[in-house]
Amino acid sequence: MVVASLVVPLIAGIPNREIHAATPDEAIIHAGQQDLATNLLVGSVAASEGDNASAAQAFGNAARLSPTYHLFSERAFYYSILAGRPEAAILARSQTPGVMSALVLGNAAALAGKWDEALTSYQGAPADQIMTLLRPLLRAWALQGAGRTDEALAALDTARQDRTLGGYYTLHAALVAQLSGQKMRADTLFRQASSMTGGDLFTSLVMARWLVTQGRMADAQSLVNQRIAGMPVLEAARANIMAMIQRPVVTHATQGLAQAYGLVALLIDQQLYTHDGPDDDHQPPDMAMETGTLRGTEQMMLRMALMLDPADSEARLLLSSMLHLRKQDRQAREALDGAPADDPLLPVYRTEQADLDVVMGHKEQAAQELRDLLRQAPDDRMLWFSLGDALLDQQKWAEALDAYQHAVALTPHQLEGDDWRLLFGQAIAQERQNHWPQARTLLQHAIQLSPNEAELLNYLGYSMVEHGGDPVQAETYLRRALALAPSDNQIRDSVGWVLMRLGHVSEGLPLLEQSAEQMPQDPAINYHLGVAYWMAGRRLEAVNEWQNAIQFQPDPMDRRKITAALAYAKAWQANAAHPGVALPADLRPAVQPASSPLQANGTHH
C-alpha cells in the first residue's frame, strides 16, 4: 500500500538514522564544561540502546550547556518525540521550521483546545509525501474541533477520491459528520465506506458501531469476531471489545487526529514487515538506512497518536510490537503501561507484558501474571497458550503440557495454520519428559499444519537421531530446515551434530565450529563441539569446550551430559587403556558411518 517514495527525511537538519558519533572537539572546548562531554556520552549510549527518554534528557542538558550548537537541541527534540515526552512541544519552538516541528506544535495546540492555532500549524507544514497523506485528515479534524464541520468535510473531498485510501478518508468524513450531529450525512458516508477492506481494529470498531445503530447487531458482532480471529491476542478482551461497539468510538476531535497518525504508522508497518521483513541486518547500507528512517518515522507517528489519545489501543499495541521486533523488550513492555484504568484492552496489555517477561527471563513473574488473568478469564485459550510458553521456559514440563492441552481443548475449530505452535509446545514438553512417541506424533501433526517451519523441522530431525529414529528421514527434515533458514546457528548446530552422530565427523565438525564461533556462550553448542573434537582425536580441545559449556548454565539434561563427558575425559587421561568409567553414549557414533546424505544432496557447504 505504501510505495518506496514514502522514504523521505522528516526532520530538517537531522540525519536519516539516529546519530551516535562523537561531538566535534571544538564544541566541547567552546562550552568549557566537562558536563557537556558526559551528557553527550550518556545521550549517545542511551540512543544506541533505544532508551529515548534518557537520550532526550541528556541531549537537552547538552543543548543548555552549549546553546549555540543547534545539533544538540535537534537531537533532544528528535528523541523527545520518540520517547513521547511532552517537552517536545517546548523544543519544537526553537527548531528550524519543518514537518515534525509543525506537527508537534499543532498537536500541542489541539490538546489545549486552540484549534485555529492547530490548523495554522498543520497547514504550514512543508509539503512532502507523508504530509500528502496526513494533511487532509489533520485539517479536517482541526476544523471539526473548531466547530467548522462543513469546511472539515470539504477538506476531505479530494482525498476521498484516492483509489487506495479513499475508503479510509470517507470513514473519517463519516465520523466528522457523526460527531457534529449530522446523522443522515454520516449514514450516507458510512455506507460509502462500508466497502473498504481495512483490517485494522479502529475501522472494524467504527463500522461495527455503525451497524449497531442500524439495528444490525449480528452483523456488527460478526465483524468484530473476524477482527479477533485475525488478531488472536485480542481474545483476552473479547467481552470488552464487544461492549465497545455499544457506544461511539470517537467522541472528540483529538481522537480523530490520533487516528490520522495511526494510519501513517500502519502503512509504514506494512511496508516494513510485510514486504521487507523485520530483519535488516543483511540489507545493503542504503536500504538499511531507509529502513531506519521508516522505523523512526513509524515510532514518532505512534507516539503522537498516544499523546493525543492515550486510549488509542491499536497505537499502543503496534508501538510495543515494533519495539519488540527491534529487540527493545524493556521499552516494549513500558509502552503497554500508561493506558487509562478503564481501557477495554487492559487484559491484552497484561498478556503481552507477560509474554515479554518470558522473553526477558522474568519467568516466575510472567507465570503469575498469566495465572491471575486466567482466574478472571478461565476460558481464554490464548492465556493458556501463553502460560504454557512461560512454564516451558521454566522447564516445568508437566505443567506446561497441561496448559497447552487446556488451550487445545478451548480451540473452537479443528487445529489449523498457526495452531502448529500449540502442538510444538506440547511436543517439547512430552519429549523432555521422555515421552518420545507422543512427542513425535505431535511434531508430525504440526508439520502437516505448517510444513515450512524451520524450527519444527529442526526439532524433529534432531530428536529423531537422539531417540534412535530413522537417520535418513531425520536428515531429510534437517536438510529442509537448513534450506529454509541457512543462517540459523541453532539449525547449523543440529545438522553438524547429527552428521557427527552418524559418524561423519569431518563433515559435521566445520558446521559445529561455525556455530560455536557465532554463539560462543551456548552450552549445548559448546558441548556438541567438544564431542566432535573428542571423536576427531583432539582431546585437549574437547575438554576445553566442555569446561566452557559447564560455565554457561546448561539445562539439567545438558549438565548431566557435560559432567559425564568431563568425568570420562579425566579417567581416560589417567589411564587411556582402562579408564574405569563407562564411555558416554554421545562419544561414540549413533550408527556406523556410511556415505553422507547431506553432502550427497549438496546441502552442506
Side-chain angles (χ1 to χ4, degrees), residues 9-105 107-108 288-289 291-307 310 319-320 322-338 356 360:
L10 292 182
I11 305 175
I14 295 184
N16 285 336
R17 300 194 69 147
E18 294 92 338
I19 310 166
H20 308 310
T23 304
D25 291 340
E26 58 267 29
I28 298 176
I29 295 170
H30 178 70
Q33 298 184 35
Q34 183 63 37
D35 287 348
L36 177 60
T38 300
N39 277 291
L40 293 176
L41 178 60
V42 170
S44 296
V45 171
S48 69
E49 295 176 349
D51 186 353
N52 296 309
S54 295
Q57 180 67 45
F59 284 122
N61 292 339
R64 286 186 287 275
L65 290 167
S66 184
T68 60
Y69 198 71
H70 299 298
L71 180 58
F72 301 157
S73 175
E74 291 173 1
R75 291 186 186 180
F77 175 58
Y78 177 60
Y79 290 114
S80 291
I81 301 173
L82 289 177
R85 292 169 67 100
E87 53 264 38
I90 299 172
L91 290 165
R93 299 186 184 280
S94 63
Q95 302 304 306
T96 302
V99 171
M100 281 298 139
S101 57
L103 295 180
V104 169
L105 289 171
N107 297 343
M289 184 171 289
T291 299
T293 301
L294 284 175
R295 285 176 170 172
T297 304
E298 179 186 9
Q299 188 169 346
M300 285 188 280
M301 295 293 106
L302 293 170
R303 288 296 189 184
M304 289 184 182
L306 288 169
M307 287 289 289
L319 177 61
S320 177
M322 184 202 73
L323 291 168
H324 170 60
L325 285 171
R326 298 182 73 172
K327 298 180 174 60
Q328 297 174 9
D329 293 319
R330 179 178 61 81
Q331 292 89 335
R333 195 186 192 286
E334 290 172 353
L336 297 169
D337 291 327
L356 288 165
M360 292 187 289

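The structure displayed is predicted, hence computed values, not measured ones.
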>> Using side chain to side chain contact (heavy atoms under 4.5 Å, CB included), reason through Met304 and Leu103 one step at a time and then give a plain yes or no.
In response: CA-CA 9 Å; Met304 289 184 182; Leu103 295 180; 4.1 Å; yes
So how far is it from [X] [atom1] to [Y] [atom2], rounded to the nearest 0.5 Å?
{"X": "Glu298", "Y": "Met301", "atom1": "CD", "atom2": "CE", "answer": "10.0 Å"}
{"X": "Asn61", "Y": "Leu40", "atom1": "CG", "atom2": "CG", "answer": "10.0 Å"}
{"X": "Glu74", "Y": "Met100", "atom1": "CD", "atom2": "CE", "answer": "14.0 Å"}
{"X": "Phe72", "Y": "Leu36", "atom1": "CZ", "atom2": "CG", "answer": "5.0 Å"}
{"X": "Gln299", "Y": "Ile81", "atom1": "CD", "atom2": "CD1", "answer": "11.0 Å"}
{"X": "Asn52", "Y": "Gln328", "atom1": "CG", "atom2": "CD", "answer": "7.0 Å"}

query = With no hydrogens and no angle check, is any side-chain donor or acceptor of Ser66 less than 3.5 Å from a backbone partner on Ala62?
reply = no
Hey, does the side chain of Ser48 reach the backbone of Val45 with a donor-acceptor pair shorter than 3.5 angstrom? yes
Does the side chain of [Y] come within less than 4.5 Å of [X]'s, by heavy atoms?
{"X": "Arg303", "Y": "Leu319", "result": "yes"}
{"X": "Met300", "Y": "Tyr78", "result": "yes"}
{"X": "Leu356", "Y": "Leu336", "result": "yes"}

Query raised in the report: For Arg93, does the CZ atom have more than 12 heavy-atom neighbours from other residues, nucleotides or ligands under 6.0 Å away?
Result: no
